[in-house]
Amino acid sequence: MKKRTPTMTLLLLLLLPPLLVRCSCLLLPTDCSDIQLSNTSPPSGVYTIYPIGPPSAVQVYCDMDSLGGKWTVLQRRMDGSVNFYRPWDQYKMGFGNAAGEYWLGLENIFQLTLRKKQELLVDMEDFEGNKAFARYSSFSIEQESSGYTLHVSGFMDGGAGDSLSHHSEHKFSTFDRDQDTWADNCARKFVGAFWYTGCHDVNPNGVYRWGADSSLYAIGVEWVHWKGRDYSLKAISMKIRPTQ
């Protein structure tokens with residue numbers, strides 16, 4: 001056997017750190033499905049994912065229970081604790097708290113849907129304790145230069161009806177970046193931000209209100225095909241996972 005020289009030992013020591021970094025990067029989860037691969041029965045909760053590697057660490061809520069789990073939550077409303085009437089830059093980068101209400105960020109969503117084909121689940125609940133969902137077999141968005149245009153299809157009904165397909169092929173709009181098809185600004189009119197058309201059948205980022213209220217038209221957290229335009233939901237969450 002050839003004897004290891006001091007020079008060879010030094011070379012191995014110099015190479016070892018980058019090799020270790022490279023190996024650890026391969027193990028970083030890009031979404032909640034990766035977390036379930038590394039742990040066969042992880043509970044639902046807050047985890048750190050890395051959509052594009054080490055510099056992109058972001059906390060998300062992973063739903064490991066609904067319809068087989070593995071869902072990475074993109075958006076969640078539950079108690080009105082976070083203001084969702086925010087400008088473009090904040091919708092791009094994300095805001096809120098993964099343990100409560102938050103928006104993951106358009107750039108993170110784009111990176112997740114760019115790397116793997118995704119399906120979408122939208123869970124919702126009213127103030128009477130009724131629950132429903134809408135599921136879509138395909139969900140993706142384009143890059144910022146294309147306005148983060150939404151592509152969604154393959155609706156499957158869980159009692160909520162289909163309020164989202166109407167928004168497919170439309171760009172994302174905020175009060176300071178109007179990309180809807182209406183002559184006015186949908187985000188300002190309905191106090192939210194979304195892939196508005198002219199304007200909406202769903203307004204998950206609208207004003208958090210408490211159930212039925214017709215005093216101000218359609219500004220609440222709404223899914224029109226389930227509860228109409230004058231009912232603001234108690235909870236709604238949008239979540240994706242890679243298709244099998």
Practice problem: Please work out which of the three classes, parallel, tilted or perpendicular, describes the rings of Phe127 and Trp210, given edges at 30° and 60°. | Solution: tilted

Quiz item: Between His167 (side chain) and Trp195 (backbone), is there a donor-acceptor pair under 3.5 Å?
Solution: yes

Practice problem: Give a yes or no answer on whether the side chain of Glu222 reaches the backbone of Lys227 with a donor-acceptor pair at less than 3.5 Å. | Solution: no

Quiz prompt | Flag side-chain contact, heavy atom, 4.5 Å: Thr149 against His151 | solution = yes

Quiz prompt | Salt-bridge present (Asp123, Lys131; N to O < 4.0 Å) | solution = no

Self-check item: Shared hydrophobic cluster, Val224 / Leu150 (ILVMFWY, side-chain heavy atoms < 4.5 Å)
Solution: no

Quiz item: Is atom CE of Met156 surrounded by more than 12 heavy atoms (other residues, nucleotides or ligands) closer than 6.0 Å?
Solution: yes

Self-check item: Pairing residues for Ala98 by the side-chain contact (heavy atoms from CB on, under 4.5 Å) criterion, not counting sequence neighbours
Solution: Val46, Gln59, Tyr102

Quiz prompt | Path from Tyr50 to Leu104 over hydrophobic side-chain contacts below 4.5 Å | solution = no

Self-check item: Residues that Val191 engages under side-chain contact (heavy atoms from CB on, under 4.5 Å), provided they are two or more places apart
Solution: Tyr85, Val207, Ile219

Quiz item: Are any of the side-chain heavy atoms of Leu28 and Pro54 separated by less than 4.5 Å?
Solution: yes

Exercise. Please answer whether the main-chain N or O of Gly96 pairs with a side-chain N or O of Trp103 as donor and acceptor at a distance below 3.5 Å.
Key: no

Quiz item: Mind checking whether Thr72 and Ile49 have side chains closer than 4.5 Å, heavy atoms only?
Solution: yes

Exercise. Using the side chain to side chain contact (heavy atoms under 4.5 Å, CB included) rule, take Leu120 and Leu164 through it: C-alpha gap first, then chi angles, then the decisive distance, then the call.
Key: CA-CA 11 Å; Leu120 172 73; Leu164 188 58; 3.4 Å; yes

Exercise. Report yes or no: does Asp230 contribute a side-chain atom to a donor-acceptor pair with the main-chain N or O of Ala212 at less than 3.5 Å?
Key: no

Quiz item: Given side chains that start at C-beta, do those of Ser138 and Val152 come closer than 4.5 Å, heavy atoms only?
Solution: no

Quiz item: Where is the tightest heavy-atom contact between Asp63 and Ser66, given as atom of each residue plus distance?
Solution: OD2-OG, 2.7 Å

Quiz item: With no hydrogens and no angle check, is any side-chain donor or acceptor of Gln118 less than 3.5 Å from a backbone partner on Thr113?
Solution: no

Quiz item: Would you say Val82 and Met238 are hydrophobically clustered, going by side-chain heavy atoms of ILVMFWY under 4.5 Å?
Solution: yes

Quiz prompt | Check: Ala132 main-chain N/O paired with Asn130 side-chain donor or acceptor under 3.5 Å | solution = no

Quiz item: Has the side chain of Ser173 got a donor or acceptor atom that lies under 3.5 Å from a matching backbone atom of Asp178?
Solution: no

Quiz item: Honestly curious: do Met78 and Tyr208 fall in one hydrophobic cluster under the side-chain, below-4.5 Å linking rule?
Solution: no

Exercise. Please examine the side chains of Glu119 and Phe139, heavy atoms only from C-beta on, and report whether any two atoms are closer than 4.5 Å.
Key: no

Self-check item: Thr30 OG1 to Gln111 CD distance, which is reported to the nearest 0.5 Å
Solution: 11.0 Å

Quiz item: Distance from Asn205 atom CG to His200 atom NE2, nearest 0.5 Å?
Solution: 11.0 Å

Quiz item: Is any side-chain heavy atom of Pro42 less than 4.5 Å from a side-chain heavy atom of Met64?
Solution: yes

Quiz item: For the rings on Trp223 and Phe133, is their centre-to-centre separation under 6.0 Å?
Solution: no

Quiz item: Can you get from Ile109 to Trp88 by hopping between Ile, Leu, Val, Met, Phe, Trp and Tyr side chains that sit under 4.5 Å apart?
Solution: yes

Quiz item: Closest approach of Gly206 and Val221, non-hydrogen atoms and distance?
Solution: O-CG2, 3.8 Å

Quiz item: Is any side-chain heavy atom of Asp176 closer than 4.5 Å to a side-chain heavy atom of Asp89?
Solution: no

Quiz item: Ring centroid separation for Phe194 and Phe190, is it under 6.0 angstrom?
Solution: no

Quiz item: What are the two closest heavy atoms between Arg188 and Phe175, and how far apart are they?
Solution: NE-O, 3.1 Å

Quiz item: Is the distance between the ring centroids of Tyr196 and Phe172 less than 6.0 Å?
Solution: no

Quiz item: What pairs of residues pass the salt bridge (charged side-chain N to carboxylate O under 4.0 Å, His left out) test when at least one of them lies in residues 136-149, not counting sequence neighbours?
Solution: Lys92-Glu144, Glu144-Arg177

Practice problem: Ignoring hydrogens and angles, tell me if any N or O in the side chain of Asp180 forms a donor-acceptor pair with the backbone of Cys186 under 3.5 Å. | Solution: yes

Quiz item: Asp31 pairs by salt bridge (Lys or Arg N to Asp or Glu O under 4.0 Å) with which of Lys239, Arg241, Lys116?
Solution: Lys116

Self-check item: Atom pair CD (Gln75) and OG (Ser237), whose distance is rounded to the nearest 0.5 Å
Solution: 7.5 Å

Quiz item: Between atom CG of Leu114 and atom NZ of Lys117, what is the distance when rounded to the nearest 0.5 Å?
Solution: 13.0 Å

Quiz item: Are the side chain of Arg76 and the backbone N or O of Glu101 linked by a donor-acceptor pair below 3.5 Å?
Solution: no

Quiz item: Of the options Pro29, Cys62, Pro242, which is the one that meets Asp34 in a side chain to side chain contact (heavy atoms under 4.5 Å, CB included)?
Solution: Pro29

Quiz item: Any donor-acceptor pair under 3.5 Å linking the side chain of Ser163 with the backbone of Val202?
Solution: no

Quiz item: With a 4.5 Å limit on heavy-atom distance, are the side chains of Ile141 and Leu106 in contact?
Solution: yes

Quiz item: With a distance cut-off below 6.0 Å to the six-membered ring centre and an angular limit of 45° from the axis, does Arg135 pair with Phe155 as a cation-pi contact?
Solution: no

Quiz item: How close do Asp65 and Ser44 get, heavy atom to heavy atom, and via which atoms?
Solution: OD2-OG, 2.7 Å

Quiz prompt | Pairwise distance CG(Leu37) to CD1(Ile35) - rounded to 0.5 angstrom | solution = 10.0 Å

Self-check item: Heavy-atom closest pair, residues Glu128 and Tyr231
Solution: OE1-OH, 2.6 Å

Quiz item: Is a salt bridge present between Arg229 and Asp201, judged by a nitrogen-to-oxygen distance below 4.0 Å?
Solution: yes

Self-check item: Geometric cation-pi criterion, Arg86 with Tyr91: 6.0 Å, 45°
Solution: no

